[in-house]
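Shown next, in structure tokens, is the structure this report addresses.
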Amino acid sequence: MSAVSVTKDEDTAPAAEPLVVLDNVNKHFGALHVLQDIDLSIAPGEVVVVIGPSGSGKSTLCRTINRLETIDSGSISIDGRPLPAEGRELARLRVDVGMVFQSFNLFAHKTVLENVTLGQLKVRRKGKAEAEERARALLDRVGVANQADKYPAQLSGGQQQRVAIARALAMEPKVMLFDEPTSALDPEMINEVLEVMQQLARDGMTMVVVTHEMGFARSAANRVVFMADGRIVEEATPEQFFSNPRSDRAKDFLSKILAH
């Protein structure tokens, strides 16, 4: 499956080697076959939005890319290297794969600044001054620079999620995974997180986003991947997918979503 090139000169530039490749990936939870023969390639700088009904395997797909979920068969590679099974190699590779979860997973006993510097100090082995400088720059980038000395419990949900994004970015990842990053937020906080993600997309960050936010899929995605029953049913540009879905499953899904 060919990766979509997102360079400006698409007609003349050679297609980049895929950054993320899933090849014939299968995953079971007991008798439930949650990922079925998944083939997916993601190019550097590409934003792939994964959508579909609940239980379709979207989050499991996202979590296999940094091996938070193991796979039963097939292969996954990041930047040309197979995903290691365990140990130090896996830990090193996970540094290259940022993850933002539904729940913010911030350390409650550490300040916002400490949350964003911790990985830089422990994993990237940066000096404290350098780590704090980068952390403050990233907190400013996501719009919460003035919250640096507060604790997570003192922040709104939207602010906490933006801190979580800054923490992931602090590790200088090659790809960012977002697993329904707005699903735990109150409606008025969703846009502030989506705006940060939109800017990351404009800045060229490679992103895999599992979401129910169709507006984000329309405006930020290079490619929409529609899943149902553990399979990739359809892949298309946002324009193609939302205006003329090919599969009956996608048509049914969109009719229900757009009716709300």
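The model shown is predicted, which means the values in this text are computed figures rather than measured ones.
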Any carboxylate oxygen within less than 4.0 angstrom of a Lys/Arg side-chain nitrogen, looking at Asp39 and Arg231? no

Linking I/L/V/M/F/W/Y whenever their side-chain heavy atoms sit closer than 4.5 Å, directly or via other members, would Ile190 and Val193 fall into one cluster? yes

Is the shortest side-chain N to carboxylate O distance from Asp140 to Arg136 below 4.0 Å? no

Out of curiosity, Glu213 CD to Arg218 CZ, how far, rounded to the nearest 0.5 Å? 13.0 Å

May I have the step-by-step check of side chain to side chain contact (heavy atoms under 4.5 Å, CB included) for Thr237 and Val224, ending in yes or no? CA-CA 6 Å; Thr237 64; Val224 173; over 6 Å; no

Any chance you could measure Ser103, atom OG, to Gln160, atom CD, to the nearest 0.5 Å? 10.0 Å

Could you go step by step and tell me if Thr206 and Glu46 meet the side-chain hydrogen bond (donor to acceptor under 3.5 Å, both in side chains) rule? CA-CA 5 Å; Thr206 308; Glu46 190 179 14; over 6 Å; no

Minimal non-hydrogen separation, Asn222 against Gly45, with atom names: OD1-O, 3.9 Å

Under 4.5 Å between side-chain heavy atoms, counting indirect links through other Ile/Leu/Val/Met/Phe/Trp/Tyr residues: same cluster for Val163 and Met171 or not? no

Do Thr117 and Glu114 have side-chain N/O donor and acceptor atoms under 3.5 Å apart? no

Distance-only side-chain donor-acceptor flag, Gln199 / Asp203, under 3.5 Å: yes

Can you find a pair of side-chain heavy atoms, one from Asp96 and one from Pro173, that are under 4.5 Å apart? no

Given side chains that start at C-beta, do those of His28 and Leu32 come closer than 4.5 Å, heavy atoms only? no

Check salt bridge (Lys or Arg N to Asp or Glu O under 4.0 Å) between Arg94 and all other residues, then give those that pass, not counting sequence neighbours. none

Under a plain distance cut-off of 3.5 Å, with no hydrogens placed, do Gln161 and Thr182 share a side-chain donor-acceptor pair? no

Side-chain contact, heavy-atom cut-off 4.5 Å: Phe104 with Leu185? yes

Do Val209 and Met197 pass the side chain to side chain contact (heavy atoms under 4.5 Å, CB included) test, and can you show the C-alpha distance, the side-chain angles, and the key distance before you say yes or no? CA-CA 9 Å; Val209 183; Met197 294 169 61; 3.6 Å; yes

Do Ile232 and Leu40 touch side chain to side chain, with heavy atoms closer than 4.5 Å? yes

Decide whether Phe107 and Phe101 are clustered together by the hydrophobic rule: side chain heavy atoms of Ile, Leu, Val, Met, Phe, Trp, Tyr closer than 4.5 Å, transitively. no

Would you please test Val196 and Arg162 for side chain to side chain contact (heavy atoms under 4.5 Å, CB included) and show each step? CA-CA 8 Å; Val196 170; Arg162 285 185 281 160; 3.7 Å; yes

Close side-chain approach of Met99 to Ile65, heavy-atom, < 4.5 Å: no

Between Arg141 and Leu200, does the side chain to side chain contact (heavy atoms under 4.5 Å, CB included) criterion hold? Intermediate values first, please. CA-CA 10 Å; Arg141 183 176 175 184; Leu200 287 178; 3.3 Å; yes

Any donor-acceptor N/O pair, Glu195 side chain to Glu192 backbone, under 3.5 Å: no

ILVMFWY network linking Val116 to Leu118, side-chain heavy atoms under 4.5 angstrom: no

Can you tell me how the ring of Phe253 sits relative to the ring of Phe226, calling it parallel under 30°, perpendicular over 60° and tilted otherwise? tilted

To the nearest 0.5 Å, what is the distance between CZ on Phe241 and CZ on Arg246? 9.5 Å

To the closest 0.5 Å, what do you measure between CG (Leu113) and CG (Leu139)? 6.5 Å

Residue pairs fulfilling salt bridge (Lys or Arg N to Asp or Glu O under 4.0 Å) with at least one residue in residues 50-79, sequence neighbours excluded: Lys27-Glu69, Arg63-Glu69, Asp79-Lys174

Does Glu133 CD have over 12 foreign heavy atoms under 6.0 Å away? no

Would you indicate whether the side-chain heavy atoms of Leu35 and Asn26 approach each other to under 4.5 Å? no

Could you tell me whether the side chain of Asn24 reaches within less than 4.5 Å of the side chain of Ile38, counting heavy atoms only? no

For Pro53 against Arg249, the heavy-atom pair lying closest together: CG-NH2, 4.1 Å

We want to know whether Asp149 and Thr111 form a side-chain donor-acceptor pair, criterion being a heavy-atom distance below 3.5 angstrom. no

Distance in Å, Phe242 CZ paired with Gln240 CD, rounded so as to fall on 0.5 Å steps: 12.0 Å

Salt-bridged, Glu172 to Lys126, with N to O below 4.0 Å? yes

Quick one: pull up CD in Gln102 and CD in Glu180 and give me the separation to the nearest 0.5 Å. 4.5 Å

Contact summary for Asp179 and Ser59, nearest pair of heavy atoms: OD1-OG, 2.5 Å

Side chains of Val208 and Val20: does their closest heavy-atom pair fall under 4.5 Å? no

Would you say Val112 ends up clustered with Tyr151 if hydrophobic residues are merged whenever their side chains have heavy atoms under 4.5 Å apart, either directly or through other cluster members? no

